Amino acid sequence: MQTPTSLQELASFKARRDPAPFLPMSRQEMDKLGWDACDIIVVTGDAYVDHPSFGMAIIGRLLEAQGFRVGIIAQPDWHSADAFKALGKPRLFFGVAAGNMDSMINRYTADRKKRSDDAYTPGGQAGKRPDRASLVYSQRCREAYKDVPIILGGIEGSLRRIAHYDYWQDKVRRSILLDARADLLLYGNAERAVVELAHRLDAGEAVEEIRDIRGTAFVRKDTPEGWMEIDSTRIDRPGKIDKIINPYVNTRDLAACEIEREKGGETAEMDAEDELQVLHIESSPRMRLDRAKTVIRIPSYEKVSKDPVLYAHANRVLHLETNPGNARALVQLHGDQEVWLNPPPIPLSMEEMDYVFDLNYARVPHPSYGKAEIPAYKMIRFSVNIMRGCFGGCTFCSITEHEGRIIQNRSQDSIVREIKEIRDKVPGFTGVISDLGGPTANMYRLACKSREIEAACRKPSCVYPGICQNLNTDHSSLTKLYREARSLKGIKKILIASGLRYDLAVEDPEYVRELVTHHVGGYLKIAPEHTERGPLDKMMKPGIGTYDAFKKMFERFSAEAGKEQYLIPYFIAAHPGTTDEDMMNLALWLKTNGFKADQVQAFYPSPMASATAMYHSGRNPLRRLSYKKSSEKVETVKGERQRRLHKAFLRWHDPENWPLLREALTAMGRADLIGEGEHQLIPKDQPEGETYNAPRRKNSKQSSRAGKSAGKGRLLTQHTGLPPRDDGSKKPRPAGARKPGAAAKPGKPGKAVKGKTKARRV
């Protein structure tokens, strides 16, 4: 069989067997299918849900469609190799992934405490996957069948593909490729890479010879013939660096390398004259670098693990090389081993995306789980993923590192087909689609106006510090999709639950009108993240003025539709670049605007994110780095007490936080904010025995008593159904008032008539 060169060709490949109802998880299931062995076994830290929101299902069904026999080992007992032998020896390879989340983020909170549940496990049970699951699973696969190639993938592999800061150990760890002892790592959404790899292995090619697939990382002894190597410090000098070796010297020529080293050893801080020196090229002065044959050497693991500035520099260079149109290969030395990263994968075309999402998914969990509920599945079973990627570039987010910043879209026809399939096949469907979205709600079919400009662009964000003039912000395709989807027979409501980029939305008022009029279930979540310029700049987020502009538009269109609807804003505490004063100002804004957050989010340093580099290094990798005093340093919040303080400012209304806030405000010289005045933040005296009863706590008991009608044990908050209140008590709805999201009846008192009544302020 000829190896396909793109997923567009996959549809023309006739599968060698009919698709199975589910990919097998046991030998008994393999026997029913008439299999003596699997070609490929996918090992995952998540429960097996045959749905396109789960990575193991996409990869498994895609390989199945190519005629391969694929088995699934989901959440195996990792204490021995026995569970990894359950399906026998795979003919081609083990595919290993920790699951839809990094296993450490899945298992621990931002305060490094173990979580009590796991949304990707039946019954929400915690502890069904190990810490650093990719490493443990790879080790057990090697113990089970030592000669079978191990291919690492998933988001845990993507975020740890080079030396990376590990929040839980508070140190820089090696590339996960080396610690897992895997043969190959596939990063990003790896459909095209895994199909090509499977066909080439099936054709008899050895895994150690496959070194030319985009989106892969592997160990390589040296730079091959015909390649030019550039030291990353020539692209972005951090300051104190080793003497740079001529990048045109063949690194396999040890004598030439030694001559270069003798020209100068370690240098101290470069002076201005050094900065202006022109690199002497001994070969040909007219030689131009071929990007396809150029590799950038970033500082070694040993250097970045000891030098935070070099770590920030390596992180910056990696993010500069993420555009598939111009990215170059990267190489990083770990001891005597070279970790080589090929350029990122080319984004899938619309036809390829349709092919992936139109595969034969059962859309339900594997029957072996019985009636056990898998929370993550319950959340997405009636939702539809319409796109991938994000060009927002938020520094605390890992979407770009995994999915890329170029939006990959499905066609409207493919999306409509999936909605119909949910309507006709998924148990329990009541006519409500819970989400049409993806990493963001409203980047569907948004792209650069010019493919040539897009291919050459090296900006980390298309919307910061302002929306790029080359970005098309026309939401008409999304508006058309919404209208088509809600017109389908049997569809009562289409909700939008994915995070909305309100800075993009305000560019298209017609889209906002459509969204607010038809697709908000009473509450719309958006994420301004902060109000102060300092932390917002470090997040690469727009100013709070953009939120205010969207809020006015939201309220106007809600009133015109005769609906009482609310915005639920999210904020982050303790993000790099945030001072105590910033959090104080945010708390004052929250009080002025009547917000009482029941749940707060503290910054979580995920591997490879730019904000994590700020957290670890105290420097800003969004700018050129230097050891000089002029180099921008970043305020970081690391101590437990300061992190508690920043969260306390977000929950300024909780009496339990008042002693800490009084102490902090006094130390900050802002004791004027302590008192009973309208413009003061917290009272002077602590009420005896008084505590704040969060709505989620009060209503959890009511919900349990209400039984099935209210959902047993359901925790209600402002984020999940409760309207905002002026205090912690539940107030009766005024006579004639509507439930949030309910349309008005003309002529009734207290109703919005002709758009005169504003939406309730939150």
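The first residue of the sequence shown is numbered 1, and numbering continues consecutively from there. Predicted model only: the values in this text are computed from it and were never measured.
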Of all heavy-atom pairs between [X] and [Y], which one has the smallest distance, and what is that distance?
X      : Y      : result
Ala485 : Leu436 : CB-CD1, 4.0 Å
Ser434 : Met379 : OG-O, 3.9 Å
Cys390 : Met443 : SG-CE, 3.7 Å
Tyr187 : Ser158 : CA-OG, 3.4 Å
His51  : Tyr361 : C-CD2, 4.2 Å
Ala119 : Ile374 : O-CG2, 3.6 Å

Between atom [atom1] of [X] and atom [atom2] of [Y], what is the distance when rounded to the nearest 0.5 Å?
X      : Y      : atom1 : atom2 : answer
Thr400 : Phe391 : OG1   : CZ    : 10.5 Å
Ile467 : Arg501 : CD1   : CZ    : 8.5 Å
Asp503 : Asn442 : CG    : CG    : 8.0 Å
Thr440 : Leu446 : OG1   : CG    : 8.0 Å
Asn593 : Asp548 : CG    : CG    : 7.5 Å
Ile496 : His519 : CD1   : NE2   : 6.0 Å

For [Y], does its backbone N or O pair with a side-chain atom of [X] as donor and acceptor, under 3.5 Å?
X      : Y      : result
Glu196 : Arg192 : no
Asn100 : Ser53  : yes
Asp39  : Arg69  : yes
Glu373 : Lys378 : no
Asp474 : Ser476 : yes
Ser498 : Pro439 : no
Lys541 : Pro528 : no
Asn106 : Met101 : no
Gln565 : Tyr523 : no
Arg423 : Phe429 : no

[X]/[Y] ion pair, N-O < 4.0 Å:
X      : Y      : result
Arg556 : Glu560 : yes
Arg61  : Glu64  : yes
Glu403 : Arg388 : no

Going by heavy atoms in the side chains, are [X] and [Y] under 4.5 Å from each other?
X      : Y      : result
Ser411 : Glu351 : no
Val520 : Phe557 : no
Tyr464 : Pro542 : no
Tyr482 : His518 : no
Phe396 : Glu529 : yes
Ser606 : Ile105 : yes
Val512 : Val506 : no
Pro569 : Lys551 : no

- Query: Going through the checks in order, is the side-chain hydrogen bond (donor to acceptor under 3.5 Å, both in side chains) test met by Glu352 and Ser349?
  - Reply: CA-CA 5 Å; Glu352 291 172 319; Ser349 67; 3.3 Å; yes
- Does Glu510 have any side chain to side chain contact (heavy atoms under 4.5 Å, CB included) partners at least two apart in sequence or in another chain, and if so, which?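 Glu510: side chain to side chain contact (heavy atoms under 4.5 Å, CB included) contacts with Arg483, Asp508, Arg513, Glu514.
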- Aromatic rings His366 and Phe22: how do their planes relate, parallel, tilted or perpendicular, breaks at 30° and 60°?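 If you compare the ring of His366 with that of Phe22, the planes turn out perpendicular.
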- Which of parallel (below 30°), tilted (30 to 60°) and perpendicular (above 60°) describes Phe54 and Tyr120?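 Taking Tyr120 first and then Phe54, their aromatic rings stand perpendicular (interplane angle over 60°).
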- Task: Output all residues satisfying ring-ring contact (aromatic ring centres under 6.0 Å, His included) with Phe550, sequence neighbours left out; order by chain, then residue number.
- Result: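 If we apply the ring-ring contact (aromatic ring centres under 6.0 Å, His included) test to Phe550, skipping adjacent residues, there are no hits.
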- Query: Tyr377: what forms a ring-ring contact (aromatic ring centres under 6.0 Å, His included) with it, not counting sequence neighbours?
  - Reply: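 With neighbours one apart ignored, the set is empty.
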- Per the side chain to side chain contact (heavy atoms under 4.5 Å, CB included) rule, which among Val516, Leu567, Leu495, Ile568 passes with Leu524?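 One option only clears the test, and that one is Leu567.
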- Task: For the pair Arg363 and Lys425, evaluate side-chain contact (heavy atoms from CB on, under 4.5 Å) and give the outcome as yes or no after the intermediate values.
- Result: CA-CA 8 Å; Arg363 306 195 67 84; Lys425 296 182 180 179; 5.7 Å; no
- Task: Kindly indicate, with the supporting measurements, whether the criterion side-chain contact (heavy atoms from CB on, under 4.5 Å) is fulfilled by Asn189 and His402.
- Result: CA-CA 7 Å; Asn189 293 117; His402 185 59; 4.0 Å; yes
- Carefully, step by step, assess Asp358 and Ser414 under the rule side-chain hydrogen bond (donor to acceptor under 3.5 Å, both in side chains). CA-CA 7 Å; Asp358 287 346; Ser414 174; 3.2 Å; yes
- Does the side chain of Ser26 come under 3.5 Å of the side chain of Glu29 through a donor N or O and an acceptor N or O?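 Yes, side-chain donor-acceptor contact under 3.5 Å.
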- Task: Let me see the working for Asp46 and Arg129 under salt bridge (Lys or Arg N to Asp or Glu O under 4.0 Å), right down to the final yes or no.
- Result: CA-CA 8 Å; Asp46 295 338; Arg129 77 186 80 212; 2.9 Å; yes
